[in-house]
2 protein chains.
Amino acid sequence: MGMGRPREFDAETALDQAMEVFWRHGYEGATIAQLTEAMGINPPSLYACFGNKEGLLKAALDRYTKLRGAWMEEVVAAPTAREVAERMLMGIADKQTDPANPPGCLLVQGGIACGSGSENVPFELAARRAQNEDQLRDRFIRAKAEGDLKQTSDPAALARYVSAVSVGMGVMASSGADREALRQVATVAVQAVEAQSGRG
Amino acid sequence: MGMGRPREFDAETALDQAMEVFWRHGYEGATIAQLTEAMGINPPSLYACFGNKEGLLKAALDRYTKLRGAWMEEVVAAPTAREVAERMLMGIADKQTDPANPPGCLLVQGGIACGSGSENVPFELAARRAQNEDQLRDRFIRAKAEGDLKQTSDPAALARYVSAVSVGMGVMASSGADREALRQVATVAVQAVEAQSGRG
DNA sequence: CCACATCTGTAGTGAACACTACATATCTGG
DNA sequence: CCAGATATGTAGTGTTCACTACAGATGTGG
């Protein structure tokens with residue numbers, strides 16, 4: 001039997017465009033008309049490929065976290081907890097003000113609060129942010145075991161802290177903060193991790 | 001000439017209800033139907049009193065910042081920069097997990113990203129957050145002058161940092177973080193301010 | 001008690017939304 | 001070249017949205 005007419009667009013390229021629309025307008029603010037125009041396809045192609053609007057968002061989130069996964073690996077590969085925090089926060093300052101992307105972070109811009117019918121979107125985003133936090137926590141647990149963090153320090157709390165600062169920086173970036181302003185925030189924030197560093 | 005039929009609802013009480021709806025669902029996620037039901041009025045009353053949906057949001061934001069103004073005064077009245085940061089962040093941990101309100105902060109939940117036609121809503125919220133940041137900055141400038149912060153410290157950067165942590169905590173609260181988790185973040189965050197304290 | 005002004009409830013308005021029916025086009029397997 | 005399968009473009013679907021026309025209700029000033 002035949003295999004049907006082949007798709008005329010590249011799914012990943014289209015996803016990149018959809019990602020940008022969600023990033024800039026949020027899940028509820030993004031319309032199917034905007035998405036299809038940016039993706040260069042018509043609604044039936046979108047629905048055949050991604051199911052519905054929420055399915056498209058999840059696919060875009062998957063792509064986003066996959067693209068950032070490699071960078072997160074570099075972050076946790078830093079030799080000390082302090083340098084992990086520094087790479088993370090300084091890198092985020094740069095990424096969130098990269099003119100190649102919308103400002104801020106998709107995992108925040110996507111939707112913090114949503115209306116009835118989309119209540120699970122904020123949880124979906126929170127779950128992805130939690131993955132990054134877990135990665136940091138595991139790294140800080142190791143740092144503590146290696147004597148790189150004080151024995152009194154709480155790796156989970158430190159990871160939550162770095163994650164919170166990242167989110168806060170993302171919101172600032174989306175409302176116009178420039179790269180230098182975010183780097184200043186990162187510089188101050190790292191000092192809290194520094195205070196937890198050393199054998200004690 | 002007559003003065004017309006008097007309004008049958010109390011504007012501030014109604015605003016409190018509207019504030020809660022915006023807080024929980026965001027600007028775009030909140031519908032007029034939800035708002036009028038929560039406020040106990042019908043659409044014509046809403047439009048006669050507040051102009052339109054965005055006017056209602058601004059009135060709710062005014063009320064929100066007014067209610068929090070007294071608390072911010074207490075915060076900046078703390079004797080040292082470190083204690084200012086501690087009061088601020090610990091207080092926010094408690095407020096953002098107060099079961100009497102929706103979780104998080106209206107100035108964040110209200111809308112970080114919006115669709116076409118509401119682009120100025122995020123800026124409106126950002127402007128109100130900036131007011132708090134300015135208040136902190138002025139307080140840290142004084143702290144530096146009093147020798148309570150090192151001469152090498154940057155009051156504006158510190159204020160931006162505390163503001164960023166506050167926002168990050170708000171997002172965490174809205175996605176389910178409990179009070180203890182936020183207090184841990186606050187405790188770590190204060191250490192960065194501590195590191196800037198003292199005469200140097 | 002009357003003219004006037006403002007509020008309130010009912011019942012809608014047009015527009016925009018997410019989503020889809022359907023006819024047509026383009027592929028593969030035989 | 002044909003039959004089956006999937007993709008595409010056009011042109012809608014019903015629903016929900018913010019917002020309002022209108023008639024009746026309730027007040028004040030003369």
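Throughout, protein chains are lettered first and strands after them, A, B, ... in sequence-line order, and every chain is numbered starting at 1.
Atoms CG (Leu56(B)) and P (dC17(D)) sit 16 Å apart, rounded to a whole Å. A straight line from CD1 of Ile41(B) to C1' of dA25(D) spans 17 Å, rounded to a whole angstrom. Put simply, OH on Tyr47(A) is 14 Å from C1' on dG12(D), counting in whole angstrom units. Separating the CZ atom of Phe50(B) from the C1' atom of dC7(C) is a distance of 14 Å, rounded to the nearest angstrom. Here the C1' atom of nucleotide dT26(D) and the CZ atom of Phe9(B) are 15 Å apart, to the nearest Å. The distance from atom NZ of Lys53(A) to atom P of dT20(C) is 14 Å, rounded to the nearest whole Å. Regarding Met3(B), its CE atom lies at a distance of 16 Å from the C1' atom of dA3(C), rounded to whole Å. Computed from coordinates, the Glu54(A) CD to dC17(C) P distance equals 18 Å when rounded to whole Å.
For dA7(D), its base never sits under 3.5 Å from the side chain of Arg7(A) at any donor and acceptor pair. Side-chain to base pairing of Arg5(B) with dC7(C): one donor and one acceptor N or O lie within less than 3.5 Å of each other.
Each of dG9(D), dA18(D), dC19(C) was ranked by its minimum atom distance to the side chain of Asn42(A); first place goes to dG9(D). Checking dA21(C), dT8(C), dA18(D) against the side-chain heavy atoms of Ile32(B) singles out dA18(D) as nearest. For Pro44(A), whose side chain is taken as the heavy atoms from C-beta onward, the closest listed nucleotide among dC17(D), dG9(D), dT28(C) is dG9(D).
If Ala48(A) and Pro43(B) are placed on DNA chain D by their nearest nucleotide, the residue sitting closer to the 5' end is Ala48(A). When each of Tyr27(A) and Glu8(A) is assigned the nucleotide of DNA chain C bearing its nearest heavy atom, the one mapping closer to the 5' terminus is Tyr27(A).
For the residue pair Arg160(B)/Gln184(A), the side-chain donor-acceptor check at 3.5 Å is satisfied. For Ser197(A) and Glu194(A), the side-chain atoms include no donor-acceptor pair closer than 3.5 Å.
If you check every strand for non-hydrogen atoms under 4.0 Å, Pro6(B) touches sugar and phosphate atoms only.
The aromatic rings of Tyr64(A) and Trp23(A) sit perpendicular to each other, their planes meeting at more than 60°, with 30° as the lower class boundary.
At the phosphate of dA7(D), neither OP1 nor OP2 sits under 4.0 Å from any side-chain N or O atom of Ser45(A).
Residues Arg142(A) and Glu146(A) are paired through a salt bridge, judged by an N-O separation under 4.0 Å between the basic side chain and the carboxylate. A salt bridge is absent between Arg179(A) and Asp98(A); no separation between the charged side-chain nitrogens and carboxylate oxygens falls under 4.0 Å.
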